[in-house]
There are 2 protein chains.
Amino acid sequence: MLTMTIRREDILDSACRCYVEGGVAGVSMRGLARDLGVTAPALYRHFASKEEVMVGVVSEAYGRLAGYLHRALEGPTALVRFRLAGEAYLSFALDHPRLYLTMYAGPSFLGMQEIPEEVAQRGCAIGRFWNDRVRECIQDGYLKPGSPDEIGTTMWAHAHGLLSLYLRGVLPIPEEAFRREFDASFWRMMVGLGTTRFDDAWAGLQNVDVESAALTP
Amino acid sequence: MLTMTIRREDILDSACRCYVEGGVAGVSMRGLARDLGVTAPALYRHFASKEEVMVGVVSEAYGRLAGYLHRALEGPTALVRFRLAGEAYLSFALDHPRLYLTMYAGPSFLGMQEIPEEVAQRGCAIGRFWNDRVRECIQDGYLKPGSPDEIGTTMWAHAHGLLSLYLRGVLPIPEEAFRREFDASFWRMMVGLGTTRFDDAWAGLQNVDVESAALTP
DNA sequence: GTCTATACCCCGATAGAC
DNA sequence: GTCTATCGGGGTATAGAC
C-alpha cells in the first residue's frame with residue numbers, strides 16, 4: 001500500500017474540526033488517522049498521546065480567542081479598546097461555544113490529568129490582556145481607582161459566569177435576549193466600578209464599531 | 001459462581017465515588033460492576049447506558065448542593081439567609097470542586113448528547129432558590145429595587161465566574177487568599193446593588209454563623 | 001525516519017442461557 | 001436478574017517495510 005507523509009498541523013486541524021463537531025468523544029486517534037489517509041500509529045510520530053493532541057486543541061482555542069481580542073487594540077481610546085475587548089470576548093463565546101467552554105472545562109473533562117503549563121499560561125494571558133484594558137481605563141479616569149488586576153478579575157468573572165450559565169442552558173432565553181441581559185447585568189455591576197466620566201462616555205460608544213473604520217477592514 | 005442482586009442506589013454511590021476520583025474516564029460500567037461484585041451487563045437492568053449513569057451522578061451533585069443551600073433557610077432574617085446561602089454555595093464549590101464543575105460542564109464533557117430535562121430543571125432550581133433570597137432582600141430594603149431574577153443572575157454569574165476561574169487555575173492563589181478576593185470582589189459588585197441599609201447591616205453579620213445556634217446543630 | 005501491520009487490553013453494549 | 005460469550009471500537013506499544 002502507498003504511504004503518505006503527514007504534518008503536525010494537519011493532525012491538529014482535523015482534531016479541532018472533530019472536536020467542535022463531537023467533543024472529546026468525537027476525537028479519536030484512529031478517526032483522525034482515517035481522516036488523513038494514514039494509520040493510527042503514524043500520528044504518534046507527532047504526538048505522544050491523545051492527551052497531547054487535546055492540549056493542542058485547547059491551545060488552538062485560546063489562540064482563536066486571542067485573535068478576536070487583538071483587534072480591540074486598534075481602538076483609538078482606552079474606553080473604546082475596553083469596550084471592543086468586551087464585545088470580542090462575548091462574540092467569541094457565542095460564535096464558538098464549544099471552544100469557549102473548553103478553555104474553562106477542567107483537565108479531567110479533556111482527558112488530561114492536570115492542566116499543562118502551556119494551557120495555564122494562555123489562560124493567564126487572557127486575563128492579563130483584559131486587566132491591561134482596565135488599567136488604561138483607570139488611568140484615564142473612566143474607572144474608579146484601585147488594583148487593575150482585582151477590578152479586572154471582577155469583570156471577567158461576571159462575564160464568564162453569565163456566559164457559562166447561558167451556554168449551559170441555565171438561562172433559557174434566545175441569544176438576542178441574552179445579549180440584552182448581558183448588557184443590563186454589566187451595567188448593573190459597573191455602577192460600582194465606573195466613574196461619572198464612564199457613565200457619560202459609554203452611551204456615545206453604542207455605534208463605535210460602525211464609526212471606526214479601522215475596525216471593519 | 002454465586003449470583004448476587006444489586007440496587008440502583010449502590011451503582012450510583014459507586015459511580016459518584018469513581019467520578020470524584022477520576023472524572024468521566026474514571027467511571028466505567030465494567031469498573032462499577034467489579035466494585036459491586038457483579039458483571040457489567042447486570043448494571044443494564046438499572047441503567048440503559050453509561051450516559052444514564054452519568055445523569056444520575058450529575059443529579060446527585062445537584063442534590064448535594066441543594067443540601068448545602070437548604071440550611072440557609074434557617075437564618076432569622078432575609079439578609080442572614082442571603083449571606084448563608086452565598087456562603088453555602090462557596091463552601092460547596094470549594095469542598096467538592098469536581099462535583100461543582102460538573103454542574104456547569106456542558107453535556108459533551110459528560111458523555112451526553114444533550115442536557116437531559118432532569119438536569120436542566122435542577123440547574124434552574126438552584127437559580128430560583130438564590131433569586132428567592134434576593135427577592136426577600138429587595139422587599140426588606142437591603143437591595144435596591146429591581147427584578148429579583150435579573151439582579152440574582154448578576155450575582156450568581158459573578159460568584160460562579162470567580163469560582164470557575166479559580167478552580168480552573170486561572171487565579172493562581174491559595175484557597176485562603178481566594179476567599180478574601182471573593183469577598184472583596186463581591187463587595188465591589190454590591191456597591192451598585194445594595195442599599196445603605198445593606199452596607200450598615202453587612203458588617204454586623206461577620207460572625208452570624210457562630211452566633212446563630214440554629215445553624216450549628 | 002516515517003510509515004504499515006499487528007497485537008494487547010479496556011471499554012460500551014447486546015444476545016441468549018440459567 | 002444475573003451470567004457467559006461476543007462484537008465493534010478505541011489508545012497505544014512493538015516490529016518491520018521502504
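Quick note on labels: first sequence line is chain A, next is B, and so on, each numbered from 1.
Using cut-offs of 30° and 60° on the angle between ring planes, the pair B:W156 and B:Y104 is perpendicular.
Mapping A:R45 and B:A40 onto DNA chain C by nearest heavy atom places A:R45 at the nucleotide closer to the 5' end. Remark on DNA chain C: of its neighbouring residues A:H46 and B:A48, the 5'-side contact belongs to A:H46, judged by nearest-heavy-atom nucleotide.
Protein atom CG of A:L36 is 14 Å distant from nucleotide atom C1' of C:dC3, rounded to whole Å. A straight line from CZ of A:F47 to C1' of C:dC3 spans 17 Å, rounded to a whole angstrom. What separates CZ of B:R8 from C1' of D:dG1 is a distance of 16 Å, to the nearest Å. Taking atom CD1 on A:I6 and atom C1' on C:dT2, their separation rounds to 11 Å, with Å as the unit. When rounded to the nearest whole Å, the span between CG of A:L43 and P of D:dG11 equals 10 Å. We find that NZ of B:K50 is positioned 5 Å from P of C:dG12, with the value rounded to whole Å. A straight line from CE of A:M112 to C1' of D:dG11 spans 16 Å, rounded to a whole angstrom. Whole-Å rounding puts the A:Y44 OH to C:dT6 C1' distance at 15 Å.
For A:Y89 and A:W130, the ring centers are positioned 6.0 Å apart or more.
Within 4.0 Å of B:V53, counting heavy atoms only, lies no atom of the nucleic acid at all. Using a 4.0 Å heavy-atom criterion, one finds that A:A42 contacts the bases of the nucleic acid, with or without backbone contacts as well.
No side-chain heavy atom of A:V170 sits under 4.5 Å from any side-chain heavy atom of B:M103. Contact annotation: the side chain of A:L79 approaches that of A:C137 to within less than 4.5 Å [non-hydrogen atoms, C-beta and beyond].
Cation-pi check for A:R133 over A:F129 is met; the charged atom lies under 6.0 angstrom from the ring centroid and within 45 degrees of its normal.
Contact annotation: B:R34 reaches the phosphate of C:dC11 (side-chain N/O to OP1 or OP2, under 4.0 Å). Contact check, B:T39 against D:dT2: no side-chain N or O comes under 4.0 Å of OP1 or OP2. Taking only side-chain nitrogens and oxygens, A:T5 never comes nearer than 4.0 Å to OP1 or OP2 of C:dT2.
Closest to the side chain of B:S49, from the set C:dC3, C:dA13, C:dT6, is C:dA13. Comparing D:dG10, C:dT4, D:dA5 by their closest approach to the side chain of B:P41 singles out D:dA5.
No donor-acceptor contact under 3.5 Å links the side chain of A:R30 to the base of D:dG9.
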